[in-house]
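Lettering of chains follows the sequences in order, A, B, ..., and the numbering in each one begins at 1.
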Protein chains: 2
Amino acid sequence: MKNTTINHILEVGTQLISKKGFHNVGLQEVLQTAKVPKGSFYYYFKSKDDFGLQVIRYYSEQSIKIFASYLQNQALAPRDRILSFFQDRIAIYKEQEFTEGCLLGNCSLEMSDIKVAFADTLAQELDRWQALFEACIQEGQDSGNIPSKKEAGRISALLLNNWEGALLRMKASKDGTALDLFLEHAEEQLS
Amino acid sequence: MKNTTINHILEVGTQLISKKGFHNVGLQEVLQTAKVPKGSFYYYFKSKDDFGLQVIRYYSEQSIKIFASYLQNQALAPRDRILSFFQDRIAIYKEQEFTEGCLLGNCSLEMSDIKVAFADTLAQELDRWQALFEACIQEGQDSGNIPSKKEAGRISALLLNNWEGALLRMKASKDGTALDLFLEHAEEQLS
DNA sequence: ATTTTGTATTAGACCGGTCGTCTACAAAAG
DNA sequence: CTTTTGTAGACGACCGGTCTAATACAAAAT
């Protein structure tokens, strides 16, 4: 049962940290929304940092499943897989009134300079994300579906970084213009 | 003397919050590095939030001076003003080993969902930044120095958002590839 | 059926730090 | 001399992450 409890705590932690950030969420809040007694925390995790790192990996893993469901969907052309992914994300952000954004992005700015372990895992997970996009772009270039001659690795890095930038601007301005602009620009980059 | 003390506190606050984030910096740390007693702090600021908002405005103001020194420099063509600005920023980030990034970007992700007052001022200051770039781009388009037919407002938004995204990736990966990629891409956007 | 053993789980205390208030005092201005 | 402006830091109430000692409980042994 230990593992299911851990996963439940991680799920709750993901939600809370997405909304409020790592430093702004206390163990108390995590544990009582997860309905786990306070004393148990250090039975499941060796520290709050350990917990945070596991939340990051957990969130990344969940996200990768979503990415794959789009980017490896053989029913669509590679270019459309990517664009429909972003279109759907944008719709979600509009529904939730431009909150949360990306936990990896949020933690990248909040934690990378403070704890190397965070920078390391964040960089690693972002690289995994980028690789998924890169493979899809490469596939599109090979088949002629994506005409751009720029290296797939660079296009994928630009897409990911620009997307994080758009989410940042979205969170501050609480509107969708940055997202719409990103999408329009992404369409050009994949042409 | 009121103004010099306030500015000193804001300067120290800017430094600390740039490096560690808002929630990860306590009043105690601010006060003892600024060598100002607590009693003075609450004489000048009505709360930590008030302090944070003023730090954001202070940082933005300082940044705008730097922007203007590049973007309104009549000795260079508009396109070169923009590119040299980013080139110089990149050099600085490489020197300081890819830390800190942009206080406005950092606070945008950390604070926007938690306190509306932060989202408001952050959005406002980011808009001011964008307007400076927009004016320079417009000037370049009018003179033919920047051939792109895309609206200056959109180009400037893309540049700013993509720049913040590049800084985010830089902080996590602790290397300059995201910055170099951004610059290369910016050169294309201004062609 | 009862006791023993060993592990899974939790209660609760700990200490340090959080922000903010308040009172006393010094310095400067009028 | 009085009032304003700013300094000084103790204090309170609370919350942070952490840890140890105690419990709950299941399986094994008697």
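Look at A/Tyr42 and you won't find any side-chain N or O under 4.0 angstrom from OP1 or OP2 of C/dT9. For the pair A/Gln28 and D/dG16, the criterion of a side-chain N or O lying under 4.0 Å from OP1 or OP2 is met. Dashed line: the shortest gap from a side-chain N or O of A/Ser40 to OP1 or OP2 of C/dT10 is under 4.0 Å.
Per the geometry, NZ belonging to A/Lys35 stands 20 Å off C1' belonging to C/dA11, to the nearest Å. Between A/Phe45 atom CZ and C/dT9 atom P the separation is 13 Å, expressed in whole Å. In this structure, A/Leu27 places its CG atom 9 Å from P of D/dG16, rounding to the nearest Å.
The side chain of A/Pro37 sits closest to C/dA11 out of D/dT18, C/dA11, D/dT7.
Contacts of B/Gly26 with the nucleic acid, taken as non-hydrogen atoms under 4.0 Å apart, involve only primed sugar atoms and P, OP1 or OP2.
Heavy-atom distances to DNA chain C give each of A/Lys38 and A/Tyr43 a nearest nucleotide, and the one nearer the 5′ end belongs to A/Tyr43. Comparing A/Glu29 and A/Lys46 along DNA chain D, the residue whose closest nucleotide (by nearest heavy atom) sits nearer the 5' end is A/Glu29.
With rounding to the nearest 0.5 Å, the separation of CG in B/Leu167 from CZ in B/Phe182 is 8.5 Å. Between the CD1 atom of B/Ile17 and the CG atom of B/Leu103 there is a distance of 6.5 Å, given to the nearest 0.5 Å.
Applying salt bridge (Lys or Arg N to Asp or Glu O under 4.0 Å) to A/Glu100 and the options A/Lys20, A/Arg89, A/Lys19 leaves one that passes, A/Lys19.
Between B/Asp175 and B/Arg169 there is no salt bridge, since no side-chain N of the basic residue sits under 4.0 Å from a carboxylate O of the acidic one.
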